[in-house]
Amino acid sequence: MKQVTLLLAAIAVVGLVGCTKTDNYTPAATASGEDIFNLNCTKCHKPNTDGSVMLVSAAMANKDAIIKKVQTGSMSMAAFPNITGEPANRLAEYVLANSKTK
């Protein structure tokens with residue numbers, strides 16, 4: 001029983017490490033949304049066989065929500081605070097144009 005408890009605690013700690021991850025990638029001012037997505041997002045977010053990306057919810061299906069999520073991250077997603085301005089808009093537009101919601 002102690003081993004199971006220790007294993008679960010270790011898994012929880014590893015999961016929480018994602019909270020503090022920040023990726024300092026800064027896209028070129030002229031980077032396309034597709035380029036930014038392919039360089040950074042596909043490390044964790046694999047497109048479906050039809051090329052679409054699955055959004056967690058309909059609430060995420062807008063530019064402002066996507067940009068905020070990219071910049072602040074979450075428990076399991078690194079933050080990309082340097083993706084701002086026009087590159088952030090182009091990334092959000094690319095995600096919206098190539099996504100589906102659950």
Side-chain angles (χ1 to χ4, degrees):
M1 189 63 170
K2 284 185 179 182
Q3 289 177 335
V4 171
T5 303
L6 287 174
L7 178 62
L8 291 174
I11 291 170
V13 168
V14 169
L16 290 175
V17 169
C19 294
T20 60
K21 291 191 314 187
T22 298
D23 190 311
N24 290 318
Y25 165 78
T26 302
T30 58
S32 71
E34 182 176 15
D35 288 342
I36 296 168
F37 186 86
N38 288 333
L39 285 170
N40 297 284
C41 306
T42 57
K43 294 173 189 173
C44 300
H45 301 282
K46 304 295 182 204
N48 296 322
T49 55
D50 66 357
S52 67
V53 178
M54 191 62 67
L55 294 176
V56 175
S57 69
M60 284 298 301
N62 68 74
K63 282 176 47 173
D64 291 336
I66 292 169
I67 292 169
K68 181 178 179 182
K69 182 74 160 191
V70 167
Q71 293 174 341
T72 61
S74 67
M75 292 285 288
S76 60
M77 181 177 150
F80 292 84
N82 297 334
I83 300 178
T84 61
E86 281 307 307
N89 283 322
R90 289 191 291 272
L91 174 60
E93 288 167 359
Y94 175 79
V95 170
L96 285 173
N98 296 282
S99 64
K100 297 178 182 178
T101 56
K102 289 185 178 181

The criterion is side chain to side chain donor-acceptor pair (under 3.5 Å); which residues satisfy it with Ser52, sequence neighbours excluded?
Asn48, Asp50

Please enumerate all residues that pass side chain to side chain donor-acceptor pair (under 3.5 Å) together with Asp35, with sequence neighbours excluded.
Ser32

Considering all heavy atoms, the nearest [X]-[Y] contact:
{"X": "Leu55", "Y": "Ala61", "value": "CD1-CA, 3.8 Å"}
{"X": "Thr101", "Y": "Ala58", "value": "CG2-CA, 3.9 Å"}
{"X": "Cys41", "Y": "Leu91", "value": "SG-CD1, 4.4 Å"}

Same cluster or not: Val56 versus Val53, using hydrophobic residues (I, L, V, M, F, W, Y) connected whenever any side-chain heavy atoms lie under 4.5 Å apart?
no

With clusters defined by side-chain heavy atoms of hydrophobic residues (ILVMFWY) lying less than 4.5 Å apart, directly or transitively, does Leu39 cluster with Val70?
yes

Go through the structure and list residues passing salt bridge (Lys or Arg N to Asp or Glu O under 4.0 Å) with Lys63, not counting sequence neighbours.
Glu93

What donor-acceptor contacts under 3.5 angstrom involve side-chain atoms of residues 24-31, with partners at least two apart or in another chain?
residue	atom	partner	partner atom	Å
Thr26	OG1	Asn24	O	3.4
Thr26	OG1	Asn82	ND2	3.2

Sequence neighbours excluded, every pair satisfying side chain to side chain donor-acceptor pair (under 3.5 Å) that has a member inside residues 83-92:
Glu86-Asn89

Evaluation steps, side chain to side chain contact (heavy atoms under 4.5 Å, CB included), between Ile83 and Ile67:
CA-CA 8 Å; Ile83 300 178; Ile67 292 169; over 6 Å; no

Tell me, please, which residues at least two apart from [X] pass side-chain contact (heavy atoms from CB on, under 4.5 Å).
{"X": "Lys43", "value": "Asp23, Asn40"}
{"X": "Ser57", "value": "Ala59, Met60"}
{"X": "Asp64", "value": "Asn62"}

Is there side-chain contact between Pro47 and Asn98, with heavy atoms separated by less than 4.5 Å?
no

Ser74 and Lys69: side chain to side chain contact (heavy atoms under 4.5 Å, CB included), yes or no, with the steps?
CA-CA 7 Å; Ser74 67; Lys69 182 74 160 191; 3.4 Å; yes

Per the ring pair (Phe, Tyr, Trp, His ring centres under 6.0 Å) rule, what does the pair list look like for residues 26-52, sequence neighbours excluded?
Phe37-Tyr94

Summary of ring pair (Phe, Tyr, Trp, His ring centres under 6.0 Å) pairs that have at least one residue in residues 54-79, sequence neighbours excluded:
none

I need the full list of salt bridge (Lys or Arg N to Asp or Glu O under 4.0 Å) pairs touching residues 75-84, with sequence neighbours left out, sorted by first then second residue.
none

